[in-house]
Amino acid sequence: MGLDSDDEDHVIYGTPIEREEDTSARKRRAVAEAGQLRALPTWKQEVRDEQGRRRFHGAFTGGFSAGFYNTVGSKEGWTPQTFTSSRKNRAEVKKQSISSFLDEEDVKDMGGSALETSQQYDTFGFTAAEHARKQASKEQKERPSAIPGPIPDELLVPATNSIGVTLLMKMGWRQGRSIRDSHADSLYESRRNARRAFLAFSGTRNGEDQDQSSDKPISDQAVVGSLKEMRVPGSTPVYVLHPKQDLHGLGYDPFKHAPEFRDRKTLQKSRDRGHRTNEVSTRGDFLNSNSGQYAPGFGIGALEDLDVEDEDIYASGFAYEQTEVDIEASQITSNHNYKLDGRKRGFNLSFKIASNSEYKLERYLPPEIPDDFDARHKFPTPIQSAKDFSDSAPLEVPPPEDNSLTLLIDGCAAMVARCGKHIEDFYKEKSKTNQQFLFLSGGDGCKYYARKLWENQQKYIGLQRPDSAKSNISSDKLTAENRGKILGERPLDRITKLQSPSLSAKEAVQLQSNLVDTFVKPISLDGLQESEKPFANDPAKQVRFQQFLRDKYKGGLRAANIAPIGAMSEADRARERLDFEAAAEAIEKGKGGNAIDPLSVFSLPGMNEQRFVAATQLESSVLPQDEKPIYPRREQFEWRPSPILCKRFDIIDPFMGKPMPVRRPRSKIENLIFMTESNKGSLVEMESSSRHTQHASMEGITDAESQGTTNDSIIELSSMHKPVDLYKAIFSDDSDDDTDEILNDQPVDPVKTSEGANMALNRLVAEDFLESLGKELGLEVPPERPNILSRPETLSGAGASVSSQNERIATAVMKVKENQSSLSMVKVGSANEDALLASAEKLDLKYEKQENRTMENRSPPMHKQSWNDSLRYDSSSERHMSGKRRSHTHIRNGIPESDSSSEHHRSRRRKHHSRHRKGRRTPDTESASDTRHERKHKEKRHRRTYTPETDSSDYERKERYKSSSRRSSDKDRSTEHSRRHKHRRKDRADYS
Amino acid sequence: MMTHGLQTKDANVSEHDLLMITLSPWNSYWWPRPIYLSSSIYIIGPHRSSLGSVVLSVRPSRPQRRRRRRDQKMSSSATAAQQLPRTEARALSGHEGAVLAVRFNRDGNYCLSCGKDRTLRLWNPHTGAHVKTYKSHAREVRDAHSSSDNAKLVSCGADRQIFYWDVASGRVIRKFRGHNSEVNSVKFNEYNAVVVSAGYDRTVRAFDCRSQSSDPIQTIDSFQDSVMSVNLTKTEIIAGSVDGTVRTFDIRMGRETVDNLGHPVNCISLSNDSNCLLANCLDSTVRLLDKSSGELLQEYKGHACKSFKMDCCLTNDDAFVVGGSEDGYVFFWELVDAPVVARFRAHSSVVTSISYHPTKACMLTSSVDGSIRVWT
């Protein structure tokens, strides 16, 4: 058969890979469906486990059904069990087995076979050998043989081979043979050997040369025939070549007794070679760096990297390098190494070194030094520094009568000034006899020469290095008062020193020009008279304006960036800057018309301060650097040891009973999501108190409580108002303090103002953020500080109802205002919302008879409130819940959880709801309208859960909450509610 | 003149005639002058045997007293200086590589050493016996301390671990985690209930030995730089940092006291009366601070300490300051006047650690060269 014959031709190596036919069909289906599923809309997608089974069935089709249907997932379910303390009977040390890490499916997959280590990948056969050895020893123990003692290792053969060995075996390799292409190489090799042998054989028989050619093929055939019998060569032993590279005697090992130096030596050698041949042996370098820097004696683990920590930082002190024994004489290394190396190279590259080289090092005798040579270098006479003659200016002398002499002197002076003193000496020497040059050596016109020379030098130096000369003069000579004098300043009172006589008029002029260079446009600034101060009514602003002018015209040396003025917003600053620009321009114009006389400027009082303001500032900035801090310096701070630490140290906790400091929120975002504690608290307070008063007014008991009602409406107002306060509440950490401050009308201290500045900045940032957020959600963003009373209702949605509500609120507010005036309990200096909020809080507190506004104190009455609520209103169970929830968030204060924010969201809404109720609770309300509204609001609430928030006053907040709590669903909340209720009560008990 | 109950045997009058002392057989009476006539102000006695005579010794004036005390001290310090441990009793060899710390135990009978070979070793320095080796650290061990009951050890190292050992079995009872990088120093507290460690991660952490938790019960992170050394009193945690501060955390008061020395602090050690702090700074100066006031009492110079963590300590009688040097010398300074009383070459290289016997004139030094030497 054809097929069979085909099969015979094929040789199959190795084991065929099994096809994965038997993997469960279900699994494959699951994989296939996964793609489809993902394409489906969310509500149609199904959750399946990796086996493709459906494990979640939804609430109406059976619920969670992993294993035990509709139970807690265990066989026992909710069956009560007796509690066993793990403290008394500690868990015994369990022997863990593999099965304790496998679940049922894994076990099923294993198909009953036990897990064990595989020897398939035992590459070198070590494990197998070990195993075999153990087995053998065990066997021997069991039945002792004639030969006592353990079996020698050679007799033991590993039971299995590694996969590599198995592969090789399959390919025809046998133990003890070399791994190479036996067919090609060995055949060729043996044939060659045979031929050689034959030739040698024929060579001995000289006479039979003729037969050679005829014999050859035959012999070749014979060789081929004999190949069959020929043994394939065994694996060749590997000889490690150690070329002898040193000059020791054969067999002498200098490191015999000090093997630790051997590595070093080889390393050094390899390094040397690397340097010489310009080939960097990476291995050597690597090892070298290791051994040099890392601690001797131990390595690091296989899983660890070499680290900075492993560096032997003490190595420098160790001086290993110095202790190294220099085995070869340095002479040899220096001279003979070249040859050695060369020989080595010659050997390697099959070049031979020349026996006699043409190249010779050319040498020269040292130059002969003349006897009179002075080994000191003579510098040409240096050009005299400006200093030398600046202070010894010769007197101006009339030129000599002789015109030619004058010319000569002039020329000579110019020459000397340009070339230096040695020219003069030269001239002097050359023309000792010459009458004309007598002026050099003190003859006629000597003084004139001196003067001329000085002038020329001055000129020349001025030309050559004007900067350095100037700086020299100004830095060396100039004291502050000198400068003042030069500039014609009126000396300060304390300065009594007279102008130093050394300052010549020339210098004065020079200085003036210098100063003009450094101080640009001083006049524009100095001209600032009292009449020209545009912001005279606002001294702070005036100061800033002057600062601005100084910056603008750079009149005076000053640091470029002065710390920005504190409590100003970015926008304010910009506006002010514009103002300043305009004012400065106006001043400039005025000056142009006036053409101020510089002298009058000089005489201006207070000019000094203005001009040299920078100097004092610089000084002040330099000063702290100069004075060295005195050590040791002691500071003390409060530090809070943890209670357990105190307990362990057997010390009474100094902070016992005091609340743990509130952890500062880590980021702004966190702050944004979870409102500040105080803010939360105030909100809760408001609501709880409002509810309380509702309750009270319904019962209609006392005056105080009716006051409370009015206060409530204030609270409404305050809680209803302005995003700005919200931002403040969110972004300022100490909003409590702030409100206090406003309450007390205390003077604002500087620290607070800087905080205020920060706050303002934060507010700006927050506005931006919220605005962008609002835009993202496609909502209209209201202007910065919306006023409830005046703002028109623009938003759609529940527009009509909202507007009506707002009208009502407005009336409430009006009423409140009346009440305020009558009660005189609230400071309403302005329509400041802060004040309102603060006062609201204050009243609130009063009402609740609480001095302390800490969380703990706050939560219990709230709780009471919510209880009252639940008793009172059957329809307001929702609200009851919201109150409770809020209190719950308080108890877990500051724990960042998503649902707490969602609760806020919810509570917010509920509060809003209640606020509307409050609005209704004005005297002219009727019960009928009450119910109507109730219904309306319920509707609205329902709508709200799905449609974007439409209430104008509150909606940014809501948006925020929504965005932060989008994850949590309403359904969850309602189911959770009952449980939470119970828990909360317990929590409270714990807390108090 | 008032009389004693019994006969007056002797009398003496003080220098300025303000006091008179009289002797009765068993009591000495101090009389102020105006009341030579009235009553004695002090009655000293009764003495066991009857007294014979009384001599008033004049109390020296203040500077006199100071001088005398100093003279006394000088003479005593001179004699004490001769008793300083300067002869090498034995060397404890076994560590491979640098020994980073050596510490006597509470009673001074044993010592602990640890080093770059990742081991912690327990020795008897008085016999030279190597008792036990504790291996578990993955990198160098930087500090060790033994509990006061000698039952537990604690060690820390560059592997960021703090190991709590059982001495007898040599097993690690607990590993305290929490440090984010190398741990430089570790100490037990008085009751062996807390382990306080200082680390390169700029924190000092306290761990509870009594609970099962391996997390710190307190983390102090007010340091600006690596904390090199930590020391504990009964109520305080004192730590020195590379930021140049010595911070004292008073648990009883709930206060943190920062003493800024201006130079990186390498090692903190306490005087035996716990009133003074010794800080080894990296500007080759050992500084003595008054713990309560933060006043700098004295500076000790002469040694080299510029780049290595080296210990310094006070002798057991608080008379001398002992410090190592980077050139292998050990320095002794007189506590009050800070002259170098003695110096000798203890090791060939950096002296990493010094521990002074709590009662005897015995000292341990360890060095980078891998040796620990016992000096008596």
Side-chain angles (χ1 to χ4, degrees), chain A residues 86-87 90-91 260 291 293-320 322-323 627-658 660-661, chain B residues 96-98 116-118 138-140 158-159 182 189-191 193-194 206 208-211 217-220 222 232 234-235 237 244-247 249-263 279 287 289 293-296 307-308 326-328 348-350 352 367-370:
Chain A
S86 63
R87 207 175 160 192
R90 298 231 175 249
E260 61 269 24
S291 62
Q293 286 170 14
Y294 296 100
F298 22 81
I300 55 165
L303 299 175
E304 295 170 57
D305 307 323
L306 277 178
D307 212 340
V308 189
E309 299 152 18
D310 293 313
E311 265 180 30
D312 188 11
I313 52 160
Y314 302 106
S316 58
F318 215 28
Y320 214 108
Q322 276 80 19
T323 56
E627 65 174 0
K628 271 190 181 170
I630 302 139
Y631 293 117
R633 229 173 19 210
R634 173 161 277 209
E635 288 168 287
Q636 289 207 327
F637 305 103
E638 193 177 274
W639 170 70
R640 183 158 189 165
S642 68
I644 183 80
L645 187 76
C646 297
K647 197 176 162 194
R648 292 284 178 258
F649 269 80
D650 212 2
I651 291 168
I652 297 161
D653 186 358
F655 292 86
M656 194 164 53
K658 287 174 194 161
M660 283 303 277
Chain B
E96 303 164 40
K116 291 209 100 175
D117 60 353
R118 305 166 188 195
R139 285 180 192 273
E140 64 187 46
D159 56 354
E182 297 93 318
N189 79 331
E190 179 87 3
Y191 311 106
V194 177
D208 189 359
C209 297
R210 292 195 183 157
S211 79
I217 53 173
Q218 174 103 43
T219 303
I220 302 167
S222 56
L232 301 180
K234 276 185 183 172
T235 60
I237 299 169
T245 60
V246 176
R247 286 169 201 256
F249 301 91
D250 193 329
I251 301 164
R252 187 184 306 193
M253 307 289 293
R255 282 201 85 72
E256 173 188 355
T257 309
V258 184
D259 288 314
N260 197 338
L261 298 181
H263 297 280
R287 290 183 167 84
L289 300 176
S293 71
E295 191 187 344
L296 181 66
S307 46
F308 299 110
E326 284 177 11
D327 49 9
S348 60
S349 184
V350 185
T352 52
S367 168
V368 166
D369 59 13

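Letters A, B, ... are given to chains in the order of the sequence lines, protein chains preceding strands, and every chain is numbered from 1. Keep in mind the model is a prediction, meaning the values are calculated, not measured.
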When B:N260, B:T257, B:D259 are each screened for side-chain hydrogen bond (donor to acceptor under 3.5 Å, both in side chains) with A:R634, the one that passes is B:D259
If one checks every heavy atom of B:S293 against chain A at 4.5 Å, the contacting part turns out to be backbone
For a quick test of reading the model, state the closest non-hydrogen atom pair linking B:G254 to A:P641 and the distance between them. CA-CD, 4.1 Å
Donor-acceptor pair, B:Q218 side chain versus A:R640 backbone, under 3.5 Å? yes
Between A:L645 and B:A206, the two heavy atoms sitting closest are CD1-CB, 3.4 Å
Please flag which part of B:F249 lies under 4.5 Å from any non-hydrogen atom of chain A: side chain, backbone, both or neither. both
Would you mind checking which part of A:F649 comes under 4.5 Å of any heavy atom in chain B, side chain (CB onward), backbone (N, CA, C, O), both or neither? both
Looking at A:E635, A:E638, A:R648, which has the largest count of heavy-atom pairs under 4.5 Å with chain B? A:R648
Say you draw a straight line from CD1 of A:I651 to CG of B:D250; how long is it, rounded to the nearest 0.5 Å? 7.5 Å
Nearest non-hydrogen partners of B:I251 and A:C646, listed with the distance: CG2-SG, 3.6 Å
Rounded to the nearest 0.5 Å, what's the gap from CD1 on A:I644 to CG on B:D208? Could you check? 5.0 Å
Against chain A, work out which of B:L232, B:T219, B:L296 has the most heavy-atom pairs shorter than 4.5 Å and name it. B:L296
